[in-house]
Amino acid sequence: MYGSYHIKKKSSECAARLGTIYTANGIIDTPVFMPVGTQGSVKGIPIEFLHESGAKIILANSYHLYLRPGTEIIKKAGGIQKFNSWNKAMLTDSGGFQAFSLRNMGRKINNDGIEFQSHIDGSKHFFSPEKSIQIQKDIGADIIMCFDECIPYNSDYQYAMKSMELSLEWAKRCKKEFYRDSSSHSITQSLFGIIQGSVYNDLRIKSTYEMLNIDFDGYAIGGLSVGESKSCMYSVLSNIVHIIPENKARYLMGVGMPEDLWQCVEYGIDMFDCVIPTRNGRNGQAFTSLGKINIKNMKFKDDFSKLDPYCNCRTCKRYSKAYLNHLVKTKEALYLTLLSLHNVHFMINLMSDIRKSLSSDTFLESKRNFFKKYYAKN
RNA sequence: GGGGGUGUGGCAGAGUGGUCUAAUGCACCAGACUGUAAAUCUGGCGGGCUUGCCCUUCGGUGGUUCAAAUCCAUCCGCCCCCA
């Protein structure tokens, strides 16, 4: 059944597990990192290079695709995978994150949904849970997400509770809408619920149990990595991940940095997505097994070594730090692709290493070795 | 030869007596970025330290003034127009 999770092996040391997610567009080995392609394209990276990097599933965003090009065009193309020629698994976010990211742009929330003011032309658009699901059916990704409200980390308890309960109500409506029309794409699509509750443990626990009651194909944890400290995020996770049944995929939305991937896999997370590899790449930052570097830094001007001596991506195979430094400093468009590609490759390769370590049941040792290298000051 | 203009921090370019270490942009240096409003944003960008002050800067020199990037004289450089 599409969207189903199968556990292959459990770590003997922690809650981490090796598994697969079954989709109409391929079987995905987990733990997995999903590059973000908001507009249907992972910014800067041609599909062929994405395939090469080992990506098996990418994200797209309902709000952004609804605004441009609009769902009619995507339907006409035969779905998003045809439209962008990715042809592998995809996941769409519901637009719930835009409740957070567009919170200062005339966005209004009521019990029925969210009115967004387009960041492009200021026009107003109302997303209800039903509307979000319809859009996501039209887009046609393999895994679609419930419409939720993602709130800032400094929200007070009262607001966090109200919002968490609202997201629960919306989750029920999403499920109802998802299964309303049996002739729709829902046959090949699966629907994930999103656990909310901000940083408040009792709210998170309640949200988790209630989501489980509604019963989804998989469970996401949302509303994290929105500004709170790492220890705070880890604490929330360690309190709820174990509540989610073993036979369901667990998806931590919007995470993360390399260190977060290791840490959160340890808590039992199976799926991650993050804009960091592409956005930071475009901003001149490269992730390497020896730590983060800012390729813009003067010290790389005449450093002819490769970005990461342990990396075999196209960028590292061919180009030096000095050349990449030159491309970034002169704003040559090529650097957007080269750095984004390297970073995405790095994250996906990292997940591959994590899976290998789980396969040989040496997760903690591998994690220690990674951290040792990643944080060593050269 | 005659007339006019102009010279400001790495560059471009404001400022035309005190609120000027001198706007703004670029360049340069560094930092941030976590379900993408992002090829973006933030900070720094003369020197010193006891971090509040001190010293040094607007072509050079000299002057007027309590006070000069700003006014005057002179020198130097550059540009334009007419012969």
Side-chain angles (χ1 to χ4, degrees), chain A residues 33-45 57-65 67-68 90-107 116-122 132 136 141 143-151 153 167 192-196 220-230 232-234 251-261 263-264 269 271-287 292-301 325 327-340 343 347:
Chain A
F33 181 83
M34 309 182 283
V36 178
T38 304
Q39 317 261 21
S41 160
V42 177
K43 291 187 194 296
I45 309 182
I57 172 168
I58 62 175
L59 259 68
N61 182 281
S62 305
Y63 164 84
H64 288 275
L65 290 179
L67 287 181
R68 295 184 302 196
M90 285 192 72
L91 181 154
T92 43
D93 188 25
S94 61
F97 182 70
Q98 277 60 44
F100 168 72
S101 65
L102 300 178
R103 64 192 177 285
N104 299 321
M105 287 208 59
R107 170 230 60 173
F116 295 108
Q117 197 157 4
S118 161
H119 65 289
I120 301 158
D121 62 6
S132 174
Q136 295 188 79
I143 299 173
I144 72 173
M145 302 302 297
C146 281
F147 189 59
D148 65 335
E149 185 198 4
C150 181
I151 64 173
Y153 80 101
S167 288
F192 279 30
I194 306 176
I195 295 161
Q196 289 290 350
I221 298 160
L224 288 178
S225 62
V226 287
E228 79 284 2
S229 69
K230 280 190 194 298
C232 178
M233 174 170 90
Y234 295 160
Y251 165 26
L252 177 55
M253 305 186 81
V255 174
M257 303 290 274
E259 63 273 24
D260 295 329
L261 301 181
Q263 194 58 51
C264 299
I269 299 293
M271 304 162 71
F272 300 89
D273 78 278
C274 195
V275 305
I276 275 277
T278 44
R279 179 187 290 170
N280 288 26
R282 292 195 305 281
N283 293 335
Q285 186 171 73
F287 293 91
K292 292 184 289 191
I293 65 175
N294 189 338
I295 199 66
K296 285 185 280 194
N297 287 175
M298 194 165 49
K299 63 184 170 189
F300 298 119
K301 213 172 170 177
N325 171 274
L327 292 180
V328 174
K329 300 291 282 186
T330 53
K331 298 184 170 68
E332 277 295 322
L334 179 58
Y335 88 85
L336 301 168
T337 295
L338 295 183
L339 288 184
S340 299
N343 284 343
M347 297 296 176

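What's counted below: heavy atoms across the whole structure, side chains too, no hydrogens, waters or symmetry copies. Below, chain A is the first sequence line, B the second, and so on; all start at residue 1.
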Does any pair with a residue in residues 328-338 of chain A pass side-chain hydrogen bond (donor to acceptor under 3.5 Å, both in side chains), and if so which ones, sequence neighbours excluded? none
Over how many whole Å does the gap from A:Glu259 atom CD to B:rU34 atom P extend? 13 Å
Watson-Crick or G-U wobble partner of B:rG77, both distances under 3.5 Å: B:rU6
Value in whole Å for how far the C1' atom of B:rC29 lies from CG of A:Asn297: 9 Å
Please measure how far the C1' atom in B:rG1 lies from the corresponding atom in B:rA12, and state the result in whole Å. 35 Å
Have a look at A:Asp260 and say if it touches a base, only the backbone sugar-phosphate, or nothing, with a 4.0 Å heavy-atom cut-off. base
Less than 4.0 angstrom between a side-chain N/O of A:Asn294 and OP1 or OP2 of B:rC33, yes or no? no
Pick out which of A:Leu91, A:Ile143, A:Val42, A:Ile58 makes a side chain to side chain contact (heavy atoms under 4.5 Å, CB included) with A:Met34. A:Leu91
Across the strands shown, which category fits A:Lys301 at heavy-atom distances under 4.0 angstrom: base, sugar-phosphate, nothing? nothing
Rounded to whole Å, please give me the gap between NZ in A:Lys230 and P in B:rA32. 12 Å
My understanding is that a pair needs two contacts under 3.5 Å, Watson-Crick or G-U wobble. By that rule, which nucleotide pairs with B:rU19? none
Using purine N1 to pyrimidine N3 plus N6-O4 or O6-N4 for Watson-Crick, or N1-O2 and O6-N3 for G-U wobble, each under 3.5 Å, what pairs with B:rU65? none
Show me the donor-acceptor pairs within less than 3.5 Å that the side chains of residues 92-99 of chain A make with the rest of the protein, sequence neighbours left out.
unit_1	atom_1	unit_2	atom_2	d
A:Thr92	OG1	A:Gln136	OE1	2.8
A:Ser94	OG	A:Gly96	N	3.1
A:Ser94	OG	A:Cys146	O	2.9
A:Gln98	OE1	A:Asn61	ND2	3.1

Looking only at atom P, what distance separates B:rA30 and B:rA22, rounded to whole Å? 25 Å
Quantified in whole Å, what is the P atom distance between nucleotide B:rG60 and nucleotide B:rU8? 10 Å
Rounded P spacing from B:rG15 to B:rU24 in Å: 15 Å
What is the base-pairing partner of B:rA14, counting Watson-Crick and G-U wobble geometry with both distances under 3.5 Å? none
When the P atoms of B:rC55 and B:rU21 are compared, how many Å lie between them, rounded to an integer? 11 Å
Nearest listed nucleotide, side chain of A:Met298, among B:rU34, B:rC33, B:rA30: B:rA30
Return the set of residues passing side chain to side chain donor-acceptor pair (under 3.5 Å) with A:Asn104 (not counting sequence neighbours), or none when no residue passes. none
Using the test side chain to side chain contact (heavy atoms under 4.5 Å, CB included), find all partners of A:Asn343 that sit at least two apart in sequence or belong to another chain. A:Pro277, A:Ala286, A:Phe287
In whole angstrom, give me the gap between the P atoms of B:rA23 and B:rC58. 16 Å
Got A:Leu67 and A:His119 here, is their nearest side-chain heavy-atom distance under 4.5 Å? yes
Partner set under side chain to side chain donor-acceptor pair (under 3.5 Å) for A:Thr278, not counting sequence neighbours: none
A:Leu261 side chain near A:Met347 side chain, heavy-atom distance below 4.5 Å: yes
Please measure how far the P atom in B:rG17 lies from the corresponding atom in B:rA83, and state the result in whole Å. 37 Å
Using the C1' atoms only, state how far B:rA37 lies from B:rC53, rounded to an integer number of Å. 44 Å
Given protein heavy atoms under 4.0 Å, the one-letter contact record of nucleotides 35-42 of chain B, with B base, S sugar-phosphate only and - none, is simply BBBBBB--
What is the separation between atom CE on A:Met257 and atom C1' on B:rC33, rounded to the nearest whole Å? 8 Å
Just name whichever nucleotide pairs with B:rC41, Watson-Crick or G-U, keeping both distances under 3.5 Å, else none. B:rG31
